[in-house]
Amino acid sequence: TQSTRPQRLLGAVQKNATRGDPRSVVQAIDQFCRQKEWAMNVGDEKGCILDSVVSEVNPATVLELGTYCGYSTVRIASLLPPHAKLITLEFNPDFAAIARQVIAWAGLEDKVHLVEGASGDWIPKMTEQFGVKTFDLVFLDHWKDRYLPDTMLMEECGLLRKGSILLADNVICPGTPDYLEYVRSSPRYESQYFKSHLEYTKVEDGLEKSVFLG
Ligand SMILES: Cc1ncnc2c1ncn2[C@@H]1O[C@H](/C=C/CNC(=O)c2cc(-c3ccc(F)cc3)cc(O)c2O)C[C@H]1O
Ligand SMILES: [Mg+2]
C-alpha cells in the first residue's frame, strides 16, 4: 500500500538524523521538504524566528496547537529549560503517531506531552488534566479558522496571564484575518509582526507575536 507524506518524512528522519540530536532531526526534515516533498512545517526561516522567541521567553509551560509531524515541537522542546513542559495538541491520529516517533527520535519525549484530540475540547481541561495554571507561550499552527476561537477560549479558561506570549504561524499565507484583526485591535494585546516567507518558498508569510496584557 502507498505510504503517506508524513510516513516518508519520518523515514527521512530515521535515515538522515542522529538519534537524540534534535538539530539533526530539524535539518533532516528541512532537507526532505526542500529536496523531495513540500510539507507544512514552520520551516527553517520562520523556525529561526520561533527559536528566538522561545529563547527570549524561556518558558516553563508551552502549548502548541497543531502538532502535525512534530517539526516545531522538536524545535521548541530542544530550547526548553530542564523542567519545562510542552503540551502539543493534534487531533489526527495518523499525524500524532508520526509526530510521536519524530519527537522520540530527537530524544525529547520527556519534555513533550502530545495529546490526541481537538483543541476546543482540551483547552478547558488543561488545568484539571495537566495541572497547568497558565501558559507562558502558545504556538498556534493548526486550522487557521481556529486561531481566534481558541484564543478567546484560552482567555475564558484563565490560561493566559499578564505577559503570556501568543506566537501565530501563517498570519499572511494561508492567512488568519479574523485572528490578526483581533490581536492587533484589542487593548488586551500588544502585537508585533515578523515578516518572513512561507516555508521552503519565496511567498510572503510571517509570524505574529502577541503579548497578553491581562
Ligand atoms: C482544532 C484542532 N485541534 C487539534 N489539532 C488540529 C486542529 N486543527 C488542525 N489540527 C491539526 O493541526 C495540523 C493542521 C495544520 C493546519 N496548517 C495549515 O493548514 C498550513 C497550511 C500551509 C499552506 C500554505 C500555502 C499553501 F499553498 C498550502 C498550505 C502552511 C502552513 O504553515 C500551515 O500551517 C494538522 C491537523 O490535524
Ligand atoms: Mg504553519
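Hydrogens, waters and symmetry mates are skipped; everything else that's a heavy atom, side chains included, is used. As the structure lists them, so they are numbered: ligands from 1, and atoms in each ligand from 1.
Looking only at atom types and distance, the side chain of Arg184 has no donor-acceptor partner in the side chain of Ser191 under 3.5 Å away. Remark: the Asp30 side chain and the Tyr71 side chain contain an N/O donor-acceptor pair separated by less than 3.5 Å. In summary, the side chains of Ser196 and Asp205 do not present any donor paired with an acceptor at a separation below 3.5 Å, with no hydrogens or angles considered. Between the side chains of Ser72 and Glu64, at least one donor N or O lies within less than 3.5 Å of an accepting N or O.
For a threshold of 3.5 Å applied to N or O pairs, the pair formed by Asn41 and ligand 1 contains no separation below that value. Between Asp169 and ligand 1, at least one N/O pair is under 3.5 Å apart. Considering backbone and side-chain N/O of Ser119, one or more are found under 3.5 Å from N/O of ligand 1. For ligand 1, the polar-atom distance check finds an N/O of Glu199 within less than 3.5 Å of one of the ligand's N/O atoms.
With respect to atom 24 (C) of ligand 1, the closest heavy atom belonging to the protein is Leu198 CD1, 3.6 Å. Of all protein heavy atoms, the one closest to atom 33 (C) of ligand 1 is Asn170 OD1, 3.2 Å. At the top of the distance list for atom 12 (O) of ligand 1, counting protein heavy atoms only, stands Gly66 CA, 3.3 Å. The closest protein non-hydrogen atom to atom 21 (C) of ligand 1 is Pro174 CG, 3.6 Å. Nearest non-hydrogen protein atom to atom 4 (C) of ligand 1 is Gly117 O, 3.3 Å. In this structure, atom 14 (C) of ligand 1 lies nearest to the protein heavy atom Trp143 CZ3, 3.3 Å.
The existence of a salt bridge linking Arg100 and Glu109 is excluded, since no basic side-chain nitrogen approaches an acidic carboxylate oxygen closer than 4.0 Å. Comment: Arg23 engages Asp51 in a salt bridge, judged by a side-chain N to carboxylate O separation of less than 4.0 angstrom.
At most 12 non-hydrogen atoms from other residues, nucleotides or ligands lie less than 6.0 angstrom from CD of Gln27. Counting heavy-atom neighbours within 6.0 Å of Gln129 CD, excluding the residue itself, gives a total above 12.
Exactly one residue among Asp169, Asn170, Thr176 makes a side chain to side chain donor-acceptor pair (under 3.5 Å) with Lys144. That residue is Asn170.
Of all atoms in ligand 1, listed by their number and element, those nearer than 4.0 Å to a heavy atom of Phe95 are 35 (C), 37 (O). In the vicinity of Cys173, heavy-atom distances shorter than 4.0 Å reach the ligand 1 atoms 25 (C).
Note that atom 26 (C) of ligand 1 has no protein non-hydrogen atoms nearby, at separations under 4.0 angstrom.
The two atoms that bring Trp38 and Glu199 nearest to each other are NE1-O, 2.9 Å, heavy atoms only. Between Gly120 and Arg146, the shortest heavy-atom distance links the atoms CA-NH2, 4.2 Å.
Taking 2.8 Å as the threshold, Glu199 does not count as a candidate ligand of the Mg ion (ligand 2), since none of its N, O or S atoms lies below it.
Counting heavy atoms closer than 4.0 Å to ligand 1, residue Val42 contributes nothing at all.
Looking at Leu140 and Leu167, their side chains never come closer than 4.5 Å, going by heavy atoms from C-beta outward.
When the heavy-atom distances from atom 36 (C) of ligand 1 to Glu90, Glu64, Lys144 are ranked, the shortest goes to Glu90. Relative to atom 6 (C) of ligand 1, the option among Trp122, Trp38, Tyr200, Phe91 with the closest non-hydrogen atom is Phe91. The heavy atom nearest to atom 15 (C) of ligand 1, considering only Asp141, Asp150, Asn92, Val115, is found in Asp141.
Ligand 1 does not have Gly43 within reach: every non-hydrogen atom of the residue lies 4.0 Å or more from it.
Among heteroatoms of the N, O or S kind in Asp141, OD1 lies nearest the Mg ion (ligand 2).
In summary, the aromatic rings of Tyr147 and His142 are positioned with their centroids under 6.0 Å apart.
Remark: at the Mg ion (ligand 2), atom OD1 from Asn170 and atom OD2 from Asp169 enclose 80°, rounded to the nearest 10 degrees.
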